[in-house]
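See structure below.
Lettering of chains follows the sequences in order, A, B, ..., and the numbering in each one begins at 1. Treat the numbers as computed from the prediction; the structure is a model and nothing was measured.
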Protein chains: 2
Amino acid sequence: MTQATGPSRSHPVTLSDVARLAGVSIATASKALNGRSQVRAETRQRVIEAAERLSFRPNQLARGLLAGRTGTVGLLTSDLEGRFSIPILMGAEDAFGAGEVAVFLCDARGDAIREQHHVRALLGRRVDGLIVVGSRTDPRPSLGRELPVPVVYAYAPSEDPEDLSIVPDSVGAGRIAVGHLLACGRTRIAHITGDPGYLAAQERAEGAQAALADAGLALVGEVRFGAWSEGWGRAATAMLLDRHPDVDAVLCGSDQIARGVMDVLRERGHRVPEDVAVMGFDNWQVLTSASRPPLTSVDLNLEQVGRAAARALFSAIAGGRRSGVETLPCRLVIRGSTAPLS
Amino acid sequence: MTQATGPSRSHPVTLSDVARLAGVSIATASKALNGRSQVRAETRQRVIEAAERLSFRPNQLARGLLAGRTGTVGLLTSDLEGRFSIPILMGAEDAFGAGEVAVFLCDARGDAIREQHHVRALLGRRVDGLIVVGSRTDPRPSLGRELPVPVVYAYAPSEDPEDLSIVPDSVGAGRIAVGHLLACGRTRIAHITGDPGYLAAQERAEGAQAALADAGLALVGEVRFGAWSEGWGRAATAMLLDRHPDVDAVLCGSDQIARGVMDVLRERGHRVPEDVAVMGFDNWQVLTSASRPPLTSVDLNLEQVGRAAARALFSAIAGGRRSGVETLPCRLVIRGSTAPLS
DNA sequence: AAACGAACCGAAAAGGCTTTCCGAGAAAGT
DNA sequence: ACTTTCTCGGAAAGCCTTTTCGGTTCGTTT
């Protein structure tokens, strides 16, 4: 089993190994490596060389044990496969990784029991803080106020207003979308969106209608709720065209829906964007860039949500106290599926 | 800043707190909680109750410091946004999370410098092992043999045959695909695939051609390399139909390509699957289930790759030594885009 | 020459836990 | 009653690093 060769077997090199090689005490070695001032330059150099020769890496466990802070955080996601969690996770990992913080990744698979289990495990590892990433924007139960470390909720806000949550501005996203369509001169705008049980669907619709109202307009027909799928986009478009053939823009609740909408529009002989402008939400590259024409979409800036959550957690660890739901603006990405009416 | 209330301020509860509350020594408390036999049942019970009352969580740092093993592993991915990394990562997280192992997530963003930085940081945290997840199946540079902990490469194998790598069987995937098309009675099969610079494209094509040769057949035309995009799928299909209008199956190098292929087939009046069967690779849900008809695809079983890598790392940590590239079979997922010729 | 200060260096403790070893007390045997 | 054998519980070492504080060695000053 265990080979006699290779460094795998040798016990990890410690500070005392370095000290011995450099001919100084452990204390001096530590000071030399950490830039403390009480070491002669020549001695310091000797220690540094010894450390490099042994490729010494200070044991963060011991360091953390002593300091009371470990430089680790827990990233608790509810579904890794969800395409919303990933960018947030990237943003957070990015913000932390740049510093000296390491991230524990835990996937609760949407199960509260498993989530609780992970929280306990993470606390046992003495993480300095937690980020809880949701898979949809609907509020979720708080982990509780009794935790010994700060917690920041990302994407899915906590139900407890005392917690700090960072979410994209869905209402604003709806406003941005309609604003763009209006700027393109569209006035007969329909809205086909997904599952009405999703707060995101409701809020985007709310923002869209508010922006229309500001312009003295209203949607063509009602908001068409359904499912977050291409199939629903196709079906809803068929109905829409039957009832309102004069529609000149379709705002879609997601890029998937938009794909379905565009397919049916093209099949029925409506040109995009000349006759009907189409746009979606999420800015999911694989869908937006592959469609014909490429799809204008509202990007939720999820990476920024992740980064903001990481920064918020940072400052909370440092003692800062914020609470409530903070929203981050979304961003319009214009492609070929929307254009001014000529 | 620091409030006087709440548990955030109070110092974390330690074993000695528990011992004091239970009226025993630290040693006894430890033994009681860890199921050591040298404690009377009644005493043990008292300790356990004390621990629960204080919601005591043993400090894993201290434990790891002592044991020499931390129960943590590093998961080094080269691009988090890549859709291939995520399932592998899920599988690994799953396999570890079930045990008592926590996962450090690091994204090197395809940068060797950053990767090296992360490796050093992880070693400083005394991880018990590393999993390196690539974003494509082409071999990548080894992290080296001199690392003090075992390493397993997933999806992208290491260039060093002494390392252990777990990858999906791309050649086999190609064989499986063609096998299915042959079983459907198709004999005039074309292959439209992606970037020829990807080993996956080459190997799938190789497997497909081998399976055809076994049946005494050959591809319709050459392998059509291009890009991993719907656009290429559309363009290649147009050319294909011009030259070989009698084709009865198109094997696509990815689901994206397949989407493009199916769009053009439908536009040109070819029925899928009656006239032409279509299938892809990757089994990317959002594409396969939304297409018309739903797309038959070869699933790479990436979650299993992740799980296998985790298990391999486990056994390597325990002292087992394996090396070389181990392949995992892929899996056919049949949907509406393929059917027997009637 | 004695004393003082500055500059360096080292011993030791702390941090939380596990484990080994030992002592004390109780139960059993003579 | 005394020894032997168990059973329990405690003291202490050890893991690795940082930091405080006391000590040593110079060079300077009076």
Next on the checklist: Let's see if you can work this out: which of dC9(C), dG15(C), dG9(D) has an atom nearest to the side-chain heavy atoms of Val39(A)?
Outcome noted: dC9(C)
Item to check | Side chain of Arg40(A) (C-beta onward), nearest among dG9(D), dT19(D), dC9(C) | outcome: dC9(C)
Checklist entry - Of the nucleotides dC9(C), dA11(C), dG10(D), which has the atom closest to the Thr28(A) side chain? => result dC9(C)
Checklist entry - Could you state the CD1-C1' distance from Ile26(B) to dG14(D), rounded to the nearest angstrom? => result 14 Å
Checklist entry - Do you know the tightest heavy-atom contact between Arg57(B) and Gly124(A)? => result CB-CA, 4.1 Å
Checklist entry - What orientation do Phe96(B) and Phe314(B) show, parallel under 30°, tilted 30 to 60°, or perpendicular over 60°? => result perpendicular
Checklist entry - Which whole-number value in Å describes the distance from Arg36(A) CZ to dT18(D) P? => result 9 Å
Checklist entry - Atom CG of Leu33(B) and atom P of dT19(C): how far apart are they, to the nearest Å? => result 13 Å
Next on the checklist: In this structure, how many angstroms lie between the P atom of dG16(C) and the CZ atom of Arg20(B), rounded?
Outcome noted: 11 Å
Item to check | Rounded distance (Å) that lies between atom P of dC8(C) and atom CZ of Arg44(A) | outcome: 10 Å
Checklist entry - On DNA chain D, nearest-nucleotide positions of Glu42(B) versus Arg63(A): which is more 5'? => result Glu42(B)
Item to check | Taking every non-hydrogen atom, the tightest pair across Leu123(A) and Val149(A) | outcome: CD2-CG2, 3.8 Å
Checklist entry - Heavy atom of residues 54-62 of chain B under 4.0 Å from DNA chain D: which residues? => result none
Item to check | Ion pair Arg109(A)/Asp79(A), N-O distance below 4.0 Å | outcome: no
Checklist entry - What heavy-atom pair brings Leu313(A) and Pro150(A) nearest, and what distance separates the two atoms? => result CD1-O, 3.6 Å
Next on the checklist: Quick check for you: to the nearest 0.5 Å, what is the distance between Leu89(B) atom CG and Leu75(B) atom CG?
Outcome noted: 4.5 Å
Next on the checklist: Rounding to an integer number of Å, can you tell me how far Arg69(B) CZ sits from dC16(D) C1'?
Outcome noted: 18 Å
Checklist outcome for this item: note: Leu66(B), atom CG; dT20(C), atom C1'; distance rounded to Å ~ 12 Å
Item to check | Separation of dC15(D) P from Leu15(A) CG (nearest whole Å) | outcome: 14 Å
Checklist entry - Quick one: do Glu115(B) and Arg120(B) make a salt bridge, cutoff under 4.0 Å? => result no
Item to check | Touch class at under 4.0 angstrom, heavy-atom based, for Thr14(A) against every strand present | outcome: sugar-phosphate
Checklist entry - Within the structure, does a side-chain N or O atom of Ser16(A) lie under 4.0 Å from either OP1 or OP2 of dC16(D)? => result no
Item to check | Given dT18(D), dC17(C), dT19(D), the nucleotide with the shortest approach to the side chain of Lys31(A) | outcome: dT19(D)
Checklist entry - Pick the nucleotide of DNA chain D nearest each of Ser25(B) and Leu65(B); which residue has the one closer to the 5' end? => result Ser25(B)
